[in-house]
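Each remark here refers to the structure printed beneath this line.
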Protein chains: 2
Amino acid sequence: MKDALAHAELIAVLTAVTNDAPRVMTVSKGEALPSGPFELEHRSLQAGLREWVNEQTGHPLGYLEQLYTFADRDRSPQDRARRTISISYLGLVREQAAPGAGAPGWHGWYEYFPWEDHREGRPDALAPIAEALNAWAATEPSRRDHRQKRIDLSLGLNGAGWNEELALQRYELMYEAGLVTEAGAQGVPGTGRPMFADHRRMLATAITRLRAKIKYRPVVFELMPESFTLSHLQRTVEALAGLALHKPNFRRLIDQQELIEETGEMSSETGGRPAKLYRYRRAILEEHALSSARLPLSRN
Amino acid sequence: MKDALAHAELIAVLTAVTNDAPRVMTVSKGEALPSGPFELEHRSLQAGLREWVNEQTGHPLGYLEQLYTFADRDRSPQDRARRTISISYLGLVREQAAPGAGAPGWHGWYEYFPWEDHREGRPDALAPIAEALNAWAATEPSRRDHRQKRIDLSLGLNGAGWNEELALQRYELMYEAGLVTEAGAQGVPGTGRPMFADHRRMLATAITRLRAKIKYRPVVFELMPESFTLSHLQRTVEALAGLALHKPNFRRLIDQQELIEETGEMSSETGGRPAKLYRYRRAILEEHALSSARLPLSRN
DNA sequence: TCCCTTTTACTCAGGTTGAGTATATGTGGG
DNA sequence: CCCACATATACTCAACCTGAGTAAAAGGGA
């Protein structure tokens, strides 16, 4: 086995939901994800990441999951003499105490992916993107049909429905078509805010992973405060999925699974009938870490 | 960012199914997974792995998916001055032309995990394992309940059903309890054949990932020959899942999804009514790479 | 007091899933 | 030559799940 030394870097996609907006922790004014080197004294990759996130941000880090390991030569502006291996992690952080418009470092997912938020119907950003992609498909007649099918399925065109889990595929498609700034493009309108190197790709990976995961594992609760109302829980899920959910079905599913219990308290925040407060049944944690925790889909 | 150089190594879990037995490609007489260094000239991690698998084994490699990146200090016998980062991949290989009992290098999954094969009911290997785990749970009274719940859920004890997707969790549990040889134990009977370093953990990761994936993405076809019967397809899925499936329901689900089409040929291999031969509808590939491809569960 | 808003509760049709049973069509032995 | 045998294929049925809609309850404010 030949010697093959590489620079190892840990990248964190830390996510929280505040005021029904999913946010990601950033550095450099929102242009990059926080990262740090993997060092010799770290016990494991995960432990290494935990350490310096704790050190640098002080945020208690609940859930942590490995996302992906990248080392593509052509996607980051590194020197060619030495390779960098980037190991990315998805971390979930509890909502901070309502930091107004936005605490320094936290930015909304949908600044970077305006086309991913379908809570109020199809966003306007999708039209110019679809148009640009279609034009790209037409440039190469031999692959045209194949490309067109990918576009239609990814964006939910021509009879295909919108699938919120395809966030990464959509970004990769736009990258391939040269629509995003990271791919060297001019920046087609509506293609969102760019990030350093392939950090936006990692965020897209995180979004896709999380949107898939909330459907079968109770990870949402890592983002919720101690006690919450059912509507609050639903709005948090909707924020992550970028979809509006059917209220009665959401509630039915939640209490079928017996994941939460009433605290006895009530909340009377927004005008209307006061809502019961609930808490996550921590005692049941590992049990549900194994079994499922599905969520209702669609509506809109 | 401090300099943090590490040795980067690519590890492949190559899987094929031959004669209804899922196999993994190994080196060192079945004691290790094939691996190679990640080199400067590789375009990406995936490209690097493809290259040397092709070079060393000559096996055409269809599906390839990143599994996990490890760098645990306490789980591999490395020198402490320099770290090794192991990036593992799951690769699916088409069944080789019936290599009798076993071509050199290929070993059955269930040599390493005898307790994972439930096609003919609960394997005998589970009883001593459950016993040893229960004893381990009892050693620490404070964590006893917690541990017992984990054991029951993982092994399908005390009312919980067997969940084939928990292969990794079961192995990790046994590792934690010190039952497997890799954890420095004597080797409790029925705990399967050990492997070098944490290679068996990677195989367990691959099994878990693949067992989950076949339920919602048509990856099985990467393991099938050009044409096959429905029974053959079912037996392949059963081999991977380690479960017996309900035949009528399996067939119903398969043709509901229109993943395959008749070739027009028939097969009359085993005594009985000849079966129609089918082929996977490649044309539809990307379409189904996106949508779902569920499989029926249970039956025993 | 009445209207508005939000929570909570109930209903219903269609589809999916698990499970069982029956019929077709070959092979090979007597 | 025909009859068991083995497997493939087809059909049925009840329980459950899911999407979708409607109605009643409970506060706040004009």
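All values below come from the heavy atoms of this structure, side chains included, with hydrogens, waters and symmetry mates left out.
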What is the distance, to the nearest angstrom, from the CD atom on A/Gln257 to the C1' atom on D/dT18? 13 Å
May I have the distance from A/Phe250 (atom CZ) to D/dC17 (atom P), rounded to whole angstrom? 18 Å
Rounded interatomic separation in angstrom, taking CZ from B/Arg251 and P from C/dA19: 18 Å
With the side chain of A/Leu253 defined as its heavy atoms from C-beta on, choose the nearest nucleotide among C/dT7, C/dT25, D/dT18. D/dT18
Could you tell me the separation between the NZ atom of A/Lys247 and the P atom of D/dA24, rounded to a whole number of Å? 18 Å
What does the 5'-to-3' dot-bracket notation of DNA chain D look like when only Watson-Crick and G-U wobble pairs under 3.5 Å count, and pairs to other strands show as |? ||||||||||||||||||||||||||||||
Under 30°, 30 to 60°, or over 60°: which ring-plane class applies to A/Trp162 and A/His118, parallel, tilted or perpendicular? parallel
Reckon B/Ser231 touches a base, only the sugar-phosphate, or nothing at all at heavy-atom distances under 4.0 Å? sugar-phosphate
Nearest-Å distance, NZ (A/Lys215) to C1' (D/dT18)? 14 Å
Gap between atoms NE2 and P, on B/His246 and C/dT21 respectively (whole Å): 10 Å
Report yes or no: does B/Glu238 contribute a side-chain atom to a donor-acceptor pair with the main-chain N or O of B/Arg119 at less than 3.5 Å? no
State the CE-CG distance between A/Met266 and A/Leu277, to the nearest 0.5 angstrom. 8.5 Å
Once you round it to whole Å, what is the distance between P of C/dG26 and CE of B/Met266? 6 Å
Ignoring hydrogens and angles, answer whether the base of C/dA24 and the side-chain atoms of B/Arg273 contain a donor-acceptor pair closer than 3.5 Å. yes
Could you tell me the separation between the CG atom of A/Asn249 and the C1' atom of C/dA9, rounded to a whole number of Å? 13 Å
Distance from A/His232 atom NE2 to A/Arg235 atom CZ, nearest 0.5 Å? 6.0 Å
Tell me if the CD atom of B/Gln256 is crowded by more than 12 foreign heavy atoms within 6.0 Å. yes
Applying the side chain to side chain contact (heavy atoms under 4.5 Å, CB included) criterion to B/Arg23, which one of B/Thr15, B/Thr18, B/Leu14 satisfies it? B/Thr18
Given DNA chain C, 5'-ward residue of the pair A/Thr229 and B/Pro274, judged by closest heavy atom: A/Thr229
DNA chain C: 5'-proximal contact among A/Ala275 and A/Arg252 (nearest heavy atom): A/Ala275
For B/Leu277 and B/Gly272, take the nucleotide of DNA chain D holding the closest heavy atom to each; which residue's nucleotide lies nearer the 5' end? B/Gly272
Mind checking the OG1-CZ spacing from B/Thr191 to B/Phe113? Nearest 0.5 Å is all I need. 11.0 Å
Of all the nucleotides listed (D/dA8, D/dA26, C/dC10), which has the minimum atom distance to the side chain of A/Pro248? C/dC10
